[in-house]
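Throughout, a chain's letter reflects where its sequence line sits, starting with A, and its residues are numbered from 1. Values below: every heavy atom of this structure, side chains too, minus hydrogens, waters and symmetry copies. It should be emphasised that the depicted structure is a prediction, and the values quoted were computed from it without experimental measurement.
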Number of protein chains: 2
Amino acid sequence: MSKCGQCIMKRFNALKTLTHEELERFSEHKTSLLIKKGENLMTEGNSINGLYCIRDGKCKLTKLNTNGKEQIIKFIKGGDILGHRSILSDEPVGLNATALEDMHVCFIPKGDILDSIRDNPQFSLNLIRNISLQLSQANTSISQMAQKPVKDRLAETLLNLEDIFGIDNEGCIDVVLTREEIANTIGTATESAIRLLSNLKKDGVIDLIGKKIKIINKNMLKNLSEGY
Amino acid sequence: MSKCGQCIMKRFNALKTLTHEELERFSEHKTSLLIKKGENLMTEGNSINGLYCIRDGKCKLTKLNTNGKEQIIKFIKGGDILGHRSILSDEPVGLNATALEDMHVCFIPKGDILDSIRDNPQFSLNLIRNISLQLSQANTSISQMAQKPVKDRLAETLLNLEDIFGIDNEGCIDVVLTREEIANTIGTATESAIRLLSNLKKDGVIDLIGKKIKIINKNMLKNLSEGY
DNA sequence: AAAATTAAATGATATTTATCATACTTAAAA
DNA sequence: TTTTAAGTATGATAAATATCATTTAATTTT
């Protein structure tokens, strides 16, 4: 099994401040997982006894509302970590993590993480910063969901998706989502999301190539996301 | 000036794990502030160099949206602390804290807080838990804003407000908010909020006594908040 | 206390968004 | 390949919500 010390992912996340010794310890205890598309890496309400480090693949973090609808809260990709909030606060997981494509994930047991939190203040601080940033983004999200019309939220979401996942060879946003998933991200009916996407295409702001979306006029999208 | 060791507020928040010595140090360096109704304790984008501990009074945490509308993200009362996220992540404040009534607040300089974070893992952990809980609540909020109709969100908000602020002698929710502030909490137009409140009153679910709101049928409100 | 301002309430109307129905397309299964 | 199912698209309509206008009530200022 490959070593944590050689994994390039450690450069992208809170693990980058770990010492050689800590990474060795992680390597010895970690397990590697293959999560197939559609499977859950974490499930809302379950407890968790370790940290997930995403090597590659993409997943969505969702929450099931009391009315039975799924809300997508956040997207996760290679280099991200999952489960640290639950470990730190010693609480059950709050969100479902469902693979959007096959994922390779490493699982590092809670004990090793807690040891590093105790021994390595910088690691601890990085985890806190990660959660703080998430809180800050969540607050922005609340404000936008509450105040902005669906069209603006769609524009915002498309820009976000390109930011997170980048673009492929054809210039399309490099993630495959169903229209329903897009609708569940912006909080609207699937038909409404489809209609608004069609309008954006008709206006030449985006292009739709199968499920893939290509942003043509980023400035226009930005304006739309701000209500112009 | 009164001492932190004798302040009853220390029992209600993350400060409860501090040692006698730490509280002494806080006492020596802290300053007391009176924030008048309508004034800002913190302002979005500003940096902050300490922790605020609310002795009494209430405030709203708000965010100004790109479309100029104010979104209320959270309510704060005596016993709560503010500014720890900013201290921990070393980032500017993300929200405005505006007094809903006169407030008495203690300000503890950043240096003392960072000392305690270093020396007292339990204190550090409590701060992390506090932020984690906020993140969890924020995610719930995103989901509700995105998926639930305004009527459900209003019902939910009224229950929340009673939970947070309790009730006064007359059984009313013990906080005074304008209709506009209620609208900015649930993310709707002021007129819509007023109309829905009137409907709830007509249906005997709540009573409106001036600006004060009294919940009459809590069960009914709970059902409404879940879409029934 | 009177005047002026601000907040609350309500009707009329326009806009946004959801729902239902149906056709078409793509992907998956037999 | 044929069949079946799932996803996408679009029209018609209903429901939710915002906006504008006006009145009344409460609060603040003079």
Side-chain angles (χ1 to χ4, degrees), chain A residues 36-38 60 65 67-72 100-101 144-158 172 175-203 206-214 224-225 227-228, chain B residues 36-38 65 67-71 100-101 144-158 172 175-203 206-214 224-225 227-228:
Chain A
K36 304 277 280 180
K37 178 177 175 174
K60 57 179 177 182
N65 213 328
N67 54 21
K69 292 182 193 161
E70 169 188 287
Q71 176 64 34
I72 298 183
L100 294 167
E101 51 185 56
Q144 291 183 345
M145 289 297 188
Q147 306 264 10
K148 286 188 176 176
V150 177
K151 204 210 297 186
D152 305 24
R153 271 143 55 195
L154 174 60
E156 176 83 31
T157 294
L158 294 178
C172 296
V175 65
V176 175
L177 298 172
T178 64
R179 300 294 190 247
E180 189 181 9
E181 284 170 326
I182 292 174
N184 290 349
T185 307
I186 63 183
T188 192
T190 306
E191 297 95 320
S192 298
I194 289 172
R195 245 180 269 271
L196 290 169
L197 282 171
S198 299
N199 289 345
L200 286 177
K201 180 178 179 175
K202 207 172 355 172
D203 295 346
I206 63 171
D207 200 7
L208 300 173
I209 303 152
K211 277 201 183 55
K212 286 271 191 152
I213 300 169
K214 181 195 233 161
L224 283 171
S225 80
Y228 303 115
Chain B
K36 305 277 279 180
K37 177 176 176 175
N65 212 328
N67 55 21
K69 291 183 193 160
E70 170 188 286
Q71 176 64 35
L100 293 167
E101 51 185 54
Q144 291 183 343
M145 289 297 187
Q147 307 264 13
K148 288 188 175 176
V150 176
K151 204 211 295 186
D152 304 24
R153 270 143 54 193
L154 175 60
E156 175 85 29
T157 293
L158 293 177
C172 297
V175 65
V176 176
L177 297 173
T178 64
R179 300 295 191 247
E180 189 181 8
E181 284 170 326
I182 292 174
N184 290 348
T185 307
I186 62 183
T188 192
T190 307
E191 296 96 320
S192 299
I194 290 172
R195 248 181 268 271
L196 291 169
L197 282 170
S198 299
N199 290 346
L200 286 177
K201 180 178 179 174
K202 207 171 357 174
D203 296 345
I206 63 171
D207 200 6
L208 299 173
I209 303 152
K211 279 201 181 54
K212 285 270 191 156
I213 300 170
K214 183 193 230 161
L224 283 171
S225 80
Y228 304 114

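Across residues 186-197 of chain B, B/E191, B/I194, B/R195 each have a non-hydrogen atom less than 4.0 Å from an atom of DNA chain C (numbered order).
Residues B/M145 and A/A146 approach most closely at SD-CB, 3.7 Å, considering heavy atoms.
Residues forming a side-chain hydrogen bond (donor to acceptor under 3.5 Å, both in side chains) with A/Q147 (at least two apart in sequence, or on another chain): B/Q71. Annotation: side-chain hydrogen bond (donor to acceptor under 3.5 Å, both in side chains) contacts of A/K69 (sequence neighbours excluded): none. With sequence neighbours left out, A/E156 forms a salt bridge (charged side-chain N to carboxylate O under 4.0 Å, His left out) with A/K148. Applying the side chain to side chain contact (heavy atoms under 4.5 Å, CB included) criterion to B/L196, with sequence neighbours excluded, gives B/V150, B/K151, B/L154, B/N199. In terms of the side chain to side chain contact (heavy atoms under 4.5 Å, CB included) criterion, residue partners of A/T178 (sequence neighbours excluded) are, by chain and number, A/E180, A/E181, A/K211. Considering only residues two or more places apart in sequence or on other chains, A/K212 meets the side-chain hydrogen bond (donor to acceptor under 3.5 Å, both in side chains) condition with A/D168, A/D174. The side-chain hydrogen bond (donor to acceptor under 3.5 Å, both in side chains) check on B/N65 picks up A/S143, with sequence neighbours excluded. Applying the side chain to side chain contact (heavy atoms under 4.5 Å, CB included) rule to B/E70 yields the partners B/K60, B/T62, B/I72, B/N184; only residues at least two apart in sequence or on another chain are considered.
Heavy-atom contacts of chain A under 4.0 Å fall on DNA chain C between two terminal nucleotides, which in 5' to 3' order are C/dT17 to C/dC20. Read 5' to 3', the first and last nucleotides of DNA chain D with an atom closer than 4.0 Å to a heavy atom of chain A are D/dG7 to D/dA12.
Between its two ends, the helix from C/dA1-D/dT30 to C/dA30-D/dT1 turns its axis by 50°, counting five pairs per end and rounding to 10 degrees.
For the side-chain contact (heavy atoms from CB on, under 4.5 Å) criterion with B/I213, the lone passing option out of B/L177, B/I182, B/D207 is B/I182.
DNA chain D is contacted by both B/K148 and B/K211; B/K148 maps to the nucleotide lying nearer its 5′ end (nearest heavy atom per residue).
Expressed to the nearest 0.5 Å, how far CG of A/L197 lies from CD1 of A/I206 amounts to 5.0 Å.
Between the side chain of B/R179 and the backbone N or O of B/I194, no donor-acceptor pair lies under 3.5 Å.
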